Every structure is written in structure tokens, then in C-alpha cells.
Amino acid sequence: MTQSLPVSMPVSTADIASIVNQTLKQYRPYKGFAFRSPAITVTGGYCVNQLGDILQELGATHVLLVADKMVWQLGLVSGCEAAITTAGLGLTVFSDVEGEPDSAMIAQGLAALKTSEADFVLGVGGGSALDAAKAIAVIGDYQGPLADFKVGGLASRRVGLGAIPTTAGTGSEVTDITVIKDLVYNIKVPIKGPALVPDMALLDPALMLGVPAGITAATGVDTLTHAVEAYVSRQVNPLSKAYAYHAMETLIRALPVAVGCGEDMDMRYDMAVSAYKAGLAFSNAGLGLTHAIAHQIGSRYHIPHGVANAILLPYVMAFNALCCEAGYAEVASALGVSRESMTQRERCNAAITAVRQLVIDLGLPTSLAGFGVVEHDLPQLAEQAMQDICLIGNPRQVTPVQIVTLLEQVLSGEFPEGYC
């Protein structure tokens with residue numbers, strides 16, 4: 001006797017979508033996160049003398065040393081050069097990094113890398129030199145304009161990569177991001193991917209002793225901005241939160257002394273480690289609206305990145321407080337301005353006030369007045385900020401109109417009284 005097969009039931013598009021989504025969720029760990037950091041980190045005064053041994057351990061045979069022109073002219077790179085040559089490694093110096101790196105500078109560096117046949121790129125200097133070194137090490141394997149690079153798209157490189165900061169600020173020695181100005185479109189392009197994490201970071205506070213007070217202040221507030229934005233980021237995780245908190249805790253004590261007494265090795269060391277911690281925090285948790293706007297005004301009006309962050313951070317904190325009052329209350333504890341008698345809102349406001357007061361104490365500007373910013377430019381700046389990848393981590397959703405309003409406040413110097 002022949003049995004008839006059951007009649008198949010039609011499957012709707014919604015049913016298929018539900019099955020696919022449930023299957024995908026099985027591959028997404030609950031509360032899971034990834035964390036990236038350099039394979040080797042060396043710290044301490046005069047630890048640059050260990051550079052040759054570290055490079056040999058990493059398998060380097062010929063090093064392309066990418067340095068800020070001023071840093072190189074001041075002789076701050078000489079110790080690195082001596083350590084490399086003493087170890088018997090080949091050395092080529094590319095010292096044409098002036099100002100923030102752009103696409104033309106990177107093209108020159110790529111030519112130097114190709115000519116030298118170096119197998120290791122070492123950045124020495126401020127954030128510009130480190131960002132340039134990272135771009136040179138990675139972008140050589142890729143084609144196309146900078147604006148086409150996608151987040152997470154730079155996953156591999158053929159050469160080793162190391163970073164030795166001479167300022168405590170950008171955290172570029174540990175991050176998976178670099179920012180390059182695209183001269184074709186006149187915009188700053190943040191490029192992110194695992195290949196941009198250096199294999200080695202070396203923190204030598206002795207290299208930072210001669211940094212002028214103004215640069216120390218600006219780069220220090222850049223570190224603070226990294227820590228604050230990472231602490232309340234939508235993508236925060238337990239490790240990034242811990243690094244951000246302790247970076248703020250150390251910075252609030254060390255930065256004023258490092259600005260006022262630049263020869264204090266202990267404070268320079270604390271600032272170097274704070275920048276490192278904040279770099280680990282934001283590299284793994286993301287940033288926010290402060291950086292999204294700073295990239296735009298910095299590129300258009302040639303405002304140094306740390307200065308742009310110093311101007312914007314208190315205003316952005318006041319705006320974001322609507323969604324992260326509790327987070328900023330914890331920031332107040334890290335900054336040492338929280339009291340048991342305070343309400344959560346009072347602690348939140350204390351954190352914002354402390355950041356604003358620090359900027360004032362360090363002699364940094366508190367508004368965009370005097371930088372050539374005009375109201376006519378604000379809508380375009382807002383639209384560009386909306387496209388910046390740093391906005392992904394911002395705790396409060398934001399519209400172009402809100403960014404324009406915020407920029408109007410920053411331009412006038414009128415600090416908002418409420419969260420909206």
C-alpha cells in the first residue's frame with residue numbers, strides 16, 4: 001500500500017528571518033567583548049636603551065624609524081637610533097612628519113618603506129608621528145583613497161610595528177586606530193582595524209621631560225577626553241572601564257604638576273601610563289561626540305586636536321549627562337570631587353565642573369572664539385560629525401540640529417545650565 005507524503009506548508013519570509021536571527025544569536029556570546037593590546041609593553045625611565053633587544057625579539061632586521069621633524073632635530077631620537085644600530089639592525093629614518101599627518105605625507109613614507117625594504121616600522125614622537133607610522137605600516141598593502149577604508153577592514157600587515165611616544169596624550173601606542181587627513185576631500189579620516197595595534201609600545205618618561213607646558217596641557221586633556229568618553233561609551237566593557245577609571249584617577253593628580261614642572265620625572269611617568277591606560281580604554285570601547293566634532297573643527301580651522309577636545313569636552317559632557325548621569329557621578333569619584341552628601345546629579349555636575357575648571361587652570365581655551373569659526377559653517381560641520389565613526393560610542397543619540405546648537409554654545413562661550 002502506497003503512503004502519501006505530507007503536504008509541505010509554505011514558509012513565509014518572516015519565518016525565514018526569525019530562523020536566521022535565532023541561529024546568528026547562537027554565535028554572539030552574551031555580554032562578550034574583544035580586547036586588543038600590544039604584545040610587548042616596556043616602561044620606565046631610560047628604557048629606550050632596551051629597544052634593540054626588543055626589536056630583535058620581534059624578529060626585525062631593518063627598521064624604518066618614523067619621527068616628528070622637531071623631535072628628530074632636538075635629538076630625542078638619537079637614543080633610539082643608537083640602540084637600533086648597536087643591536088646590528090639596519091636603520092632608515094623618515095623624519096618628514098610635520099603637523100598632523102595627511103595623505104601626501106603618508107605617500108612619502110610609503111615610498112621610504114619601499115626603498116629601504118624595511119621589515120619593521122617604528123614611530124617615535126607625538127601622536128602625529130605614531131599615527132603616520134601606523135598608516136605607513138598598514139596602508140602599503142591596500143589600494144584606493146583614504147575615504148574608502150572601512151572600520152575593521154585593515155586586518156593584516158607584512159611588517160612589524162612599534163611605537164614610542166614623546167608626549168602623553170593620544171594613546172596611539174596602544175590603539176587600533178589612526179587618523180589621517182585626506183587632502184582630496186579636506187577631511188580627517190579615522191581608520192580602524194586590528195593591524196593598527198602596535199606589536200610593541202615603549203613608554204620612556206625621560207623622552208617627555210622637555211615637552212613645552214602648552215603641549216603637555218593639550219595632550220593631557222586629550223588623555224582625559226579618551227578616558228571620559230570611553231568610560232560612558234555604549235561599547236564599554238569591564239576591562240576598558242577599569243583602565244579608563246584609573247587613567248582619570250592618576251591624571252587629575254599628575255597633569256597639573258607635569259604642566260607646571262615639566263622636569264618632574266615621576267609625574268611624566270604617571271602621565272605616560274595614564275595615556276596608555278586611556279588608549280587601551282577607548283581603543284576597545286570607542287569614543288563619542290567630543291572626538292566626532294573635534295575631527296571636523298580641527299581639520300577645517302587647524303585647531304590642535306588636544307585643544308579642540310579641551311574646548312568641547314565640558315559642553316559635550318553637559319549634553320550627554322541626560323543619558324549617563326550615573327556614569328559621570330562615578331567620574332566625579334575618579335577625579336576626587338565626589339562627596340558622600342552629594343546626590344547623583346550633584347556628583348555628575350561636579351565632574352563636569354571639575355573638567356571645565358581643569359581646562360581653565362591649564363590655560364587652555366574654553367570657547368571657539370578666535371579660531372575663525374563662523375555660524376555659516378556649523379550645519380556642514382554637524383553633518384560631517386554625524387558621519388564620524390567616533391559617534392558610534394556616544395551614550396546619547398544626537399541629531400545634526402543638536403550638534404549645531406551645541407556648537408553655537410561653544411562658539412559663544414555660554415555654558416548650558418541644563419542637560420538639554
Side-chain angles (χ1 to χ4, degrees), residues 99-103 127-128 131 145-149 151 170 177-192 218 221-222 224-226 228-229 232-234 282 286-323 352 355-356 359 364-416 419-420:
E100 296 180 344
D102 56 38
S103 48
S128 295
D131 275 3
L146 286 174
D148 287 348
F149 286 119
V151 174
T170 67
I177 191 168
T178 185
V179 181
I180 306 298
K181 184 174 182 179
D182 190 333
L183 296 178
V184 175
Y185 298 98
N186 195 35
I187 58 172
K188 286 187 178 181
V189 181
I191 305 170
K192 184 177 174 69
V221 176
D222 191 19
L224 177 63
T225 307
H226 293 157
V228 170
E229 292 207 298
V232 297
S233 169
R234 292 185 187 183
F282 88 80
L287 290 164
L289 182 58
T290 304
H291 273 78
I293 299 176
H295 289 152
Q296 317 316 319
I297 64 174
S299 178
R300 177 167 299 195
Y301 305 109
H302 308 290
I303 304 173
H305 181 63
V307 174
N309 280 340
I311 295 170
L312 291 165
L313 180 58
Y315 292 88
V316 172
M317 289 180 71
F319 173 81
N320 281 339
L322 188 68
C323 291
I352 298 170
V355 170
R356 185 168 169 80
V359 172
L364 295 170
T366 58
S367 80
L368 287 172
F371 288 99
V373 181
V374 293
E375 288 196 22
H376 176 75
D377 293 343
L378 302 188
Q380 185 178 18
L381 290 169
E383 291 293 343
Q384 291 173 340
M386 290 293 296
Q387 302 304 314
D388 194 289
I389 62 170
C390 291
L391 196 60
I392 296 173
N394 199 66
R396 180 176 175 180
Q397 292 181 334
V398 60
T399 66
V401 173
Q402 288 172 321
I403 295 178
V404 169
T405 300
L406 188 150
L407 283 171
E408 287 173 345
Q409 295 169 345
V410 182
L411 185 58
S412 67
E414 296 180 6
F415 201 73
Y419 294 165
C420 289

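All values derive from a computational prediction rather than experimental measurement.
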Heavy-atom side-chain proximity of Gln380 to Arg300 below 4.5 angstrom: yes
Can you give me the closest heavy-atom contact between Val355 and Pro314, atom names plus distance? CG1-CG, 4.0 Å
Kindly give the heavy-atom pair with the smallest separation between Ala308 and Ala294, and that separation in Å. CB-CB, 3.9 Å
Shortest non-hydrogen contact from Leu312 to Thr290? CD1-O, 3.7 Å
With side chains defined as the heavy atoms from C-beta onward, is the minimum distance between Leu287 and His226 less than 4.5 Å? yes
Side chains of Leu391 and Val398: closer than 4.5 Å at any heavy-atom pair? yes
Applying side chain to side chain contact (heavy atoms under 4.5 Å, CB included) to Leu364 and Val221, what does each step give before you reach the verdict? CA-CA 9 Å; Leu364 295 170; Val221 176; 3.7 Å; yes
Among side-chain atoms of His291 and His305, is any donor-acceptor pair under 3.5 angstrom? yes
Going through the checks in order, is the side chain to side chain contact (heavy atoms under 4.5 Å, CB included) test met by Gln402 and Gln397? CA-CA 10 Å; Gln402 288 172 321; Gln397 292 181 334; over 6 Å; no
Compare every heavy atom of Val359 with every heavy atom of Ala310, then report the nearest pair and how far apart it is. O-CG2, 3.7 Å
Backbone of Ala321 reached by a side-chain donor or acceptor of Arg396 within 3.5 Å: no
Rounded to the nearest 0.5 Å, what separates atom CD1 in Ile180 from atom CD in Glu100? 9.5 Å
Can you give me the closest heavy-atom contact between Asn394 and Arg234, atom names plus distance? O-NE, 2.7 Å
Verify side chain to side chain contact (heavy atoms under 4.5 Å, CB included) between Lys181 and Ser103, making sure each step is shown before the conclusion. CA-CA 6 Å; Lys181 184 174 182 179; Ser103 48; over 6 Å; no
Value rounded to 0.5 Å, distance of CE in Met386 from CG in Leu289: 9.5 Å
What I'd like to find out is whether the side chain of Val373 reaches to under 4.5 Å of the side chain of Leu407, using heavy atoms alone. no
Min side-chain heavy-atom separation Ile293-Leu381 under 4.5 Å: no
Rounded to the nearest 0.5 Å, what separation is found between the CD1 atom of Ile191 and the OG1 atom of Thr178? 6.0 Å
Can you confirm whether Phe371 sits close enough to Ile297 that some side-chain heavy atom of one is under 4.5 Å from a side-chain heavy atom of the other? no
Looking at every heavy atom in both Ala318 and Pro416, which two are closest together, and how far apart are they? CB-CG, 3.9 Å
Could you check whether any side-chain N or O of Ser412 sits under 3.5 Å from a backbone N or O of Glu408, counting only pairs where one atom can act as donor and the other as acceptor? yes
Quick one: pull up CG in Leu411 and OH in Tyr315 and give me the separation to the nearest 0.5 Å. 9.5 Å
Below 4.5 Å, heavy atoms only, C-beta onward: do Phe282 and Glu229 meet side chain to side chain? no
Do Gln409 and Glu414 have side chains that get closer than 4.5 Å, going by heavy atoms? no
Quick one: pull up CG in Leu313 and CZ in Arg356 and give me the separation to the nearest 0.5 Å. 11.0 Å
Evaluate Leu368 against Ile303 for side chain to side chain contact (heavy atoms under 4.5 Å, CB included), listing each step before the verdict. CA-CA 10 Å; Leu368 287 172; Ile303 304 173; 4.0 Å; yes
From Leu378 atom CG to Gln296 atom CD, the distance as rounded to the nearest 0.5 Å: 12.5 Å
